[in-house]
Amino acid sequence: MADEIVLLSYWPSMFGMRVRVALAEKGLKYEYREEDLRNKSPLLLMMNPVHKKIPVLIHNGKPISESMIIVEYIDEVWNHKSPLLPTDPYQRAQARFWADYVDKKLFDIGKKIIWSTKGEEETGKKEFIECLKLLEGELGDNPYFGGENFGFVDVSLVTFSCWFHTYESYGNFSIETECPKLVAWTKRCLEKESVSSSLADPHKIHDFASGMRKRLGIE
Amino acid sequence: MAEEVKLFGGMWASLYSRRIEIALKMTGVQFEFIEEDLQNKSPLLLQYNSIHKKVPVLLHNGMPIAESLIILEYINETWPDNPILPRDPYDRAMARFWARFIDEKLIWVSWDAYRSKEEDQGKAIEEACKQLKALENELKEKEFFGGDTVGYLDIAAIMVASWFGVMQEVMKVELLTEENFPNLCQWVEKFVDCPIVKECLPHKEKMVEFIRVLLKDFLASR
């Protein structure tokens with residue numbers, strides 16, 4: 001029986017893009033359904049009643065929520081190619097730790113740069129750069145966070161890269177100046193079809209953010 | 001080579017550290033517990049968890065692992081004779097989802113409900129009960145979240161087993177009642193009665209006293 005895979009997502013979401021990257025890495029066919037977050041579909045509300053958020057993966061009718069939990073599920077079920085997590089338990093723990101670090105820090109700190117109404121842009125920028133530098137340090141001289149191969153932590157972070165232009169624009173800084181190795185890593189990842197076909201266009205993201213800021217009265 | 005397992009944890013009231021103690025005891029692994037004074041963290045802890053500077057940290061043959069849920073996964077994979085996570089990928093995803101839900105949502109909305117001022121409390125309690133209901137529905141009538149035996153999600157839910165009961169007494173706000181959450185309340189009884197859990201879980205009365213002292217300024221201002 002063929003697998004039925006549906007992804008409920010929202011095009012600017014870096015969390016939704018993570019799932020797209022993982023599905024592409026595994027060469028999986030799926031149905032993509034765009035959600036309007038101001039008018040969430042009955043399907044989304046039914047499939048993720050707890051958080052009512054995207055992304056949600058529906059595999060043969062069964063829903064999974066939370067982007068990195070979905071990515072890990074994809075990696076476990078379709079383990080025939082492109083493993084995202086390493087096999088060694090300690091390496092796996094380290095990968096989970098850094099993906100968790102991205103989850104805990106980057107989005108919320110980044111929000112201060114783009115959406116703040118309380119003059120938090122400078123603090124946000126400073127903290128954001130600190131986070132990226134830490135991640136850059138973790139990358140070291142490896143081509144990917146997964147070492148020689150694109151992996152779990154790469155998936156968790158690379159989708160933020162299409163938002164870099166927006167963070168830079170509103171924070172008035174250059175990520176390439178601050179973290180050149182990290183930017184080189186994003187370019188390396190974008191050479192992969194699974195990444196380039198899954199990430200949104202940075203200029204479209206910027207237009208989206210600009211539109212949201214106007215609606216929020218920030219711009 | 002003999003295994004060296006050390007657990008850097010908080011004092012007896014620190015529930016995240018208790019999670020790891022329970023999991024290690026369930027595997028039967030010998031380990032050394034090193035108690036950290038969270039007001040005066042040791043250089044070793046700060047070295048092993050330089051990013052978050054928190055407990056618990058598991059040290060296995062000199063290699064540190066931080067973040068309690070990540071440590072539980074590591075224990076599951078390293079000592080696989082007594083797995084704490086389900087084997088089926090979908091069930092594993094669900095266990096991970098609900099553990100994160102407890103840590104990232106349930107505890108915070110419940111804390112809001114416990115500490116809200118009177119005028120905001122009704123709404124906060126309603127929200128906390130909504131979230132508890134979700135967990136109640138997930139448990140259904142299973143003996144444990146893990147099925148017949150204590151598993152990853154039960155261990156993660158130690159917060160529900162211990163913290164709620166304590167907060168209820170200290171703050172005099174009822175959230176986790178038998179009337180509203182019969183499955184969860186029954187689970188709490190079974191969970192705290194498990195021999196290994198009993199060994200690790202702090203006594204409720206001792207916790208209540210401890211939390212009362214910790215929150216004395218907050219309680220006095222109400």
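Naming convention: chains lettered A, B, ... in sequence-line order (proteins, then strands); numbering from 1 in each chain.
Within a 6.0 Å sphere centred on CD of B/Glu119, heavy atoms belonging to other residues, nucleotides or ligands number more than 12. Counting heavy atoms of neighbouring residues, nucleotides and ligands inside a 6.0 Å radius, atom CG of A/Asp36 exceeds 12 of them. Heavy-atom neighbours of B/Lys123 NZ from other residues, nucleotides or ligands within 6.0 Å: at or below the threshold of 12. Dense packing is recorded around NZ of A/Lys112, with more than 12 heavy atoms of other residues, nucleotides or ligands lying under 6.0 Å away. Atom CD of B/Gln30 sits in a sparse spot, with 12 or fewer heavy atoms from other residues, nucleotides or ligands closer than 6.0 Å. Counted within 6.0 Å of CD on B/Glu126, heavy atoms from surrounding residues, nucleotides or ligands total 12 or fewer; the atom is thus considered open. No more than 12 heavy-atom neighbours from other residues, nucleotides or ligands sit within 6.0 angstrom of CD on B/Glu178. Heavy atoms of other residues, nucleotides or ligands lying less than 6.0 angstrom from NZ of A/Lys105 number 12 at most.
A distance of 13.0 Å separates CZ of A/Phe97 from CG of B/Leu69, quoted to the nearest 0.5 Å. Atom CE of B/Met63 and atom CD of A/Gln91 lie 7.0 Å apart (nearest 0.5 Å). Once rounded to the nearest 0.5 Å, the distance linking NZ of B/Lys105 with NE2 of A/His51 reads 5.5 Å. With rounding to the nearest 0.5 angstrom, the CD atom of A/Glu76 is 9.5 Å from the CG atom of B/Asp88.
Contact annotation for A/Asp75: neither backbone nor side-chain heavy atoms come within less than 4.5 Å of a heavy atom of chain B. For B/Trp98, the part lying near chain A is the side chain, with the backbone staying farther off; criterion is any non-hydrogen pair under 4.5 Å. No part of A/Pro49 comes within reach of chain B, as not one of its non-hydrogen atoms sits under 4.5 angstrom from that chain. Of the two parts of B/Ala134, only the side chain, counted from C-beta on, holds a non-hydrogen atom closer than 4.5 Å to a non-hydrogen atom of chain A. Contact of B/Ile51 with chain A is made through the side chain alone, with heavy-atom distances under 4.5 Å. For chain A, the nearby part of B/Arg92 is the side chain; its heavy atoms alone come within less than 4.5 Å.
Chain A forms more heavy-atom pairs under 4.5 Å with one residue of B/Arg100, B/Gln131, B/Lys130 than with any other, namely B/Arg100. Ranked by heavy-atom pairs under 4.5 Å with chain B, the first of A/Glu66, A/Lys62, A/His59 is A/Lys62. Your options are A/Asp100, A/Ile64, A/Val50, A/Ile70, and the one with the most heavy-atom pairs under 4.5 Å with chain B is A/Val50.
Between B/Glu104 and A/Lys53, none of the side-chain N atoms (NZ, or NE/NH1/NH2) sits under 4.0 Å from a carboxylate O, so this pair counts as no salt bridge.
Of the possible donor and acceptor atoms, none in the side chain of A/Tyr90 sits under 3.5 Å from a partner among the backbone N and O of B/Tyr74.
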In sequence, state the C-alpha distance, the side-chain angles, and the governing distance for B/Glu73 and A/Arg92, and then conclude on side-chain contact (heavy atoms from CB on, under 4.5 Å).
CA-CA 9 Å; B/Glu73 298 250 15; A/Arg92 289 161 75 87; over 6 Å; no

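When all heavy atoms are compared, the tightest approach of B/Phe97 to A/Ser65 is CE1-CB, 3.8 Å. The two residues B/Ala93 and A/Ile69 make their nearest non-hydrogen contact at O-CG2, 3.6 Å.
Taking the six-membered ring for Trp and thresholds of 30 and 60 degrees, A/Tyr101 and B/His52 have ring planes inclined between 30 and 60 degrees apart.
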